[in-house]
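Here is the structure we will look at.
Below, each value reflects all heavy atoms present in this structure, side chains not excepted, and no hydrogens, waters or symmetry copies. Since the model is a prediction, treat every value here as computed from it, not as a measurement.
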Amino acid sequence: MRLSRSFIPTMKETPAEAQIASHRLMLRAGLVRQTAAGIYAWLPIGYRVLRNIEQIVREEQDAAGAQELLMPTIQSADLWRESGRYEDYGKEMLRIKDRHDRDMLYGPTNEEVISDLFRQSVKSYREMPQILYHIQWKFRDEVRPRFGVMRGREFLMKDAYSFDMDHAGAVVSYRKMMLAYMRTFQRLGLKAIPMVADTGPIGGDLSHEFIILAPTGESQVYYDAAFEEVDYGTSGTGGFNYADAGDLHRFFELMTTNYAATDEKHDEAKWATIAPERKREGRGIEVGHIFYFGTRYTKPLGVTVAGPDGKPVHPEMGSYGVGVSRLVGAVIEASHDEAGIIWPDAIAPFKAAILNLKRGDAACDGLCEQIYARFGSSALYDDREDRAGVKFADADLMGHPWQVVVGPRGAAAGKVELKRRATGERVEVTPEEAIARIG
RNA sequence: CGGGGCGUGGCGCAGCCUGGUUAGCGCGCGUGUUUUGGGUACACGAGGCCGCCGGUUCGAAUCCGGCCGCCCCGACCA
């Protein structure tokens with residue numbers, strides 16, 4: 001994309017409403033604009049990042065055997081009356097009426113809808129187990145939205161739902177999702193720690209929050225330093241196989257034997273047994289949450305599946321959420337400096353920015369066009385008629401992993417400067433070498 | 001939802017208390033010159049229903065009332 005023709009409104013000054021780094025940088029770098037309290041429009045480069053994250057989440061869900069579908073944003077109140085949550089959910093649920101005065105709502109979550117879909121179609125244990133997910137916009141009418149997209153009212157969420165014949169099966173599904181989550185966060189360049197968590201309004205007795213550490217996190221967290229060395233393998237190549245219950249068990253043990261809890265579940269007695277030099281505490285941002293809740297919905301909604309003996313069984317469920325839009329902010333909280341964002345390669349809006357320091361100079365223009373042609377839409381070509389300083393500042397602000405700096409001095413000798421955003425390291429190389437190193 | 005605060009060109013703000021000629025400043029934007037590897041300098045210029053409605057007054061950005069929106073602290077939360 002050519003910056004001269006793009007819609008990327010960067011700002012030199014920080015809008016007064018933005019308090020924390022990610023919010024500030026998302027506004028300044030032109031990723032989002034607020035349209036109402038806690039509601040944001042995603043501008044081109046912000047949307048690219050959002051889709052990149054979404055895609056990684058999707059790939060890891062698919063790898064774990066979950067199937068993607070798409071449920072609506074608007075739901076009928078009737079289903080929620082069936083589960084008993086219509087009255088319970090409170091004012092966070094946005095309730096609306098259609099023209100016939102029917103009670104509708106903008107979904108804050110989808111247990112009812114997925115259970116309804118499931119009960120309509122799955123009748124036999126032979127079709128079990130199932131894990132279904134979707135990536136959809138949700139709305140929760142938070143009393144006090146803040147921190148930009150980290151705590152918005154409208155947000156993009158991946159939510160998965162597992163259905164198993166019994167508790168043992170549900171535990172296997174739960175572990176699969178835990179593994180998928182750790183791989184997802186690892187690919188996003190985040191170090192996430194699963195912590196025992198409250199089950200909240202959804203209910204249940206087995207639940208973990210996935211926390212990434214950041215000074216602006218909303219909760220205080222405590223964990224054993226052993227987590228910092230845990231190796232759980234990378235996607236597809238790691239030592240754990242989704243099809244092997246033994247692997248899943250080993251993985252789960254690895255993730256849950258070391259102490260890790262948020263303040264709500266913090267256990268001072270257990271904490272006291274940990275060696276002082278291994279104690280770690282700080283602030284954390286919740287980026288995912290998984291629950292096992294058994295028959296909480298399948299019973300009231302009358303969901304049954306025939307078992308091998310022909311008798312009806314209420315499936316055991318779990319649900320698994322990842323805050324996709326929140327992750328954009330969370331990644332920035334975990335990866336930025338005074339100059340701007342530092343995107344991990346996996347989710348950057350562009351692999352590289354090409355900075356033409358002197359538009360109109362034949363050598364600069366030629367080299368830039370040559371490099372840009374090799375990357376096409378995966379690079380951002382700063383071809384604006386602006387000063388070098390402006391381009392450096394914007395490139396740092398937007399956080400492209402690589403910057404290819406093409407100035408008249410080097411260009412005359414057929415050289416460009418390659419800068420790595422994360423380290424600040426710069427090297428003078430040929431255009432071919434720059435292209436090769438960016439990959 | 002309790003407490004506090006703010007709405008003035010795209011962004012950041014001053015002006016309001018002590019109503020009074022064309023509502024200012026910085027950044028950004030446009031044109032020209034200048035500069036040419038880290039947000040250059042100068043000149044000229046465009047751009048504002050002073051959140052909305054009502055009231056007081058000869059006169060309201062400024063005073064009064066109502067409403068709306070947004071932000072911060074707390075409680076709450078993917």
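A salt bridge links A/Glu111 with A/Arg85: the distance from a Lys NZ or Arg NE/NH1/NH2 to an Asp or Glu carboxylate oxygen falls below 4.0 Å. Under a 4.0 Å N-O distance rule, the pair A/Asp345/A/Arg421 does not qualify as a salt bridge. Salt bridge status for A/Arg175 with A/Glu253: absent, with no side-chain N to carboxylate O gap under 4.0 Å. Between A/Asp396 and A/Lys419, at least one side-chain nitrogen of the basic residue sits less than 4.0 Å from a carboxylate oxygen of the acidic one, meeting the salt-bridge criterion. A salt bridge links A/Arg359 to A/Glu385: one of the charged nitrogens lies within less than 4.0 Å of a carboxylate oxygen. Contact check on A/Glu333 versus A/Arg326 returns no salt bridge, with no Lys/Arg side-chain nitrogen under 4.0 Å from an Asp/Glu carboxylate oxygen.
Remark: P of B/C76 and OH of A/Tyr89 are 16 Å apart, rounded to the nearest angstrom. As rounded to whole Å, 14 Å separates atom C1' of B/C77 from atom CD1 of A/Ile285. The nearest whole Å value for the distance from the CD atom in A/Glu218 to the P atom in B/A75 is 13 Å. Summarising the geometry, the separation between CZ on A/Phe139 and C1' on B/C77 is reported as 14 Å, rounded to the nearest angstrom. A/Ile8 places its CD1 atom 19 Å from the P atom of B/C11, with the value rounded to the nearest Å. Between A/Met157 atom CE and B/C77 atom P the separation is 15 Å, expressed in whole Å. Taking atom CZ on A/Arg146 and atom P on B/C76, their separation rounds to 11 Å, with Å as the unit. Put simply, CD on A/Gln220 is 17 Å from P on B/C77, counting in whole angstrom units.
Counting non-hydrogen atoms under 4.0 angstrom, A/Thr14 reaches the backbone sugars and phosphates but no base. Among the atoms of the strands shown, only primed sugar atoms or phosphate atoms (P, OP1, OP2) are found under 4.0 Å from some heavy atom of A/Glu17. Within the 4.0 angstrom heavy-atom criterion, no nucleotide atom of any strand lies near A/Gly90.
Nucleotides B/A23 and B/A61 have their C1' atoms positioned 8 Å apart, rounded to a whole Å. Between B/A14 and B/A75, the distance separating the two C1' atoms is 36 Å to the nearest Å. The same atom, P, is picked in B/U21 and in B/G66; the two are 29 Å apart, to the nearest Å. As rounded to the nearest Å, B/U57 and B/G19 have P atoms that lie 16 Å from one another. Rounded to whole Å, the separation between the C1' atoms of B/C50 and B/C25 comes to 15 Å. The gap from the C1' atom of B/G55 to that of B/C6 amounts to 24 Å, rounded to the nearest Å. When the P atom is compared between B/U8 and B/G48, the two are found 15 Å apart, to the nearest whole Å. Taking the P atom of each, B/G10 and B/G51 are spaced 13 Å apart, rounded to whole Å.
Along RNA chain B, the nucleotide nearest to A/Phe155 and the one nearest to A/Gln19 differ in position, and the one closer to the 5' end is contacted by A/Gln19. Annotation: of the two residues near RNA chain B, A/Gly38 and A/Glu92, the 5′-most nearest-nucleotide partner is A/Gly38.
Of the candidate nucleotides B/C70, B/C1, B/C76, B/C70 has the atom nearest to the side chain of A/Ala36. Of all nucleotides listed (B/C77, B/G74, B/C13), B/C13 comes nearest to the side chain of A/Ala16.
Without hydrogens or angle criteria, A/Asp382 side chain to A/Arg384 main chain gives a donor-acceptor distance under 3.5 Å.
Minimum heavy-atom separation, A/Pro344 to A/Leu188: CG-O, 3.5 Å.
In this structure, A/Arg144 does not reach the B/C1 phosphate: none of its side-chain N or O atoms is under 4.0 Å from OP1 or OP2. Listed pair A/Gln34 / B/G69 fails the phosphate criterion, with no side-chain N or O lying under 4.0 Å from OP1 or OP2.
Nucleotide B/U34: unpaired (no Watson-Crick or G-U wobble partner with both distances less than 3.5 Å). In this structure, B/C70 forms a base pair with B/G5, meeting either the Watson-Crick or the G-U wobble geometry with both donor-acceptor distances under 3.5 Å.
In terms of polar N and O atoms assigned as donor or acceptor, the side chain of A/Arg151 comes within less than 3.5 Å of the base of B/C77 in a complementary pairing.
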Exercise for the section: Would you give a per-nucleotide map of nucleotides 28-41 of chain B, 5' to 3', where B means the base has a protein non-hydrogen atom under 4.0 Å away, S means only the sugar-phosphate does, and - means neither? Expected result: S------B-BBBB-
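Within a 6.0 Å radius of NZ in A/Lys97, more than 12 heavy atoms belonging to other residues, nucleotides or ligands are found.
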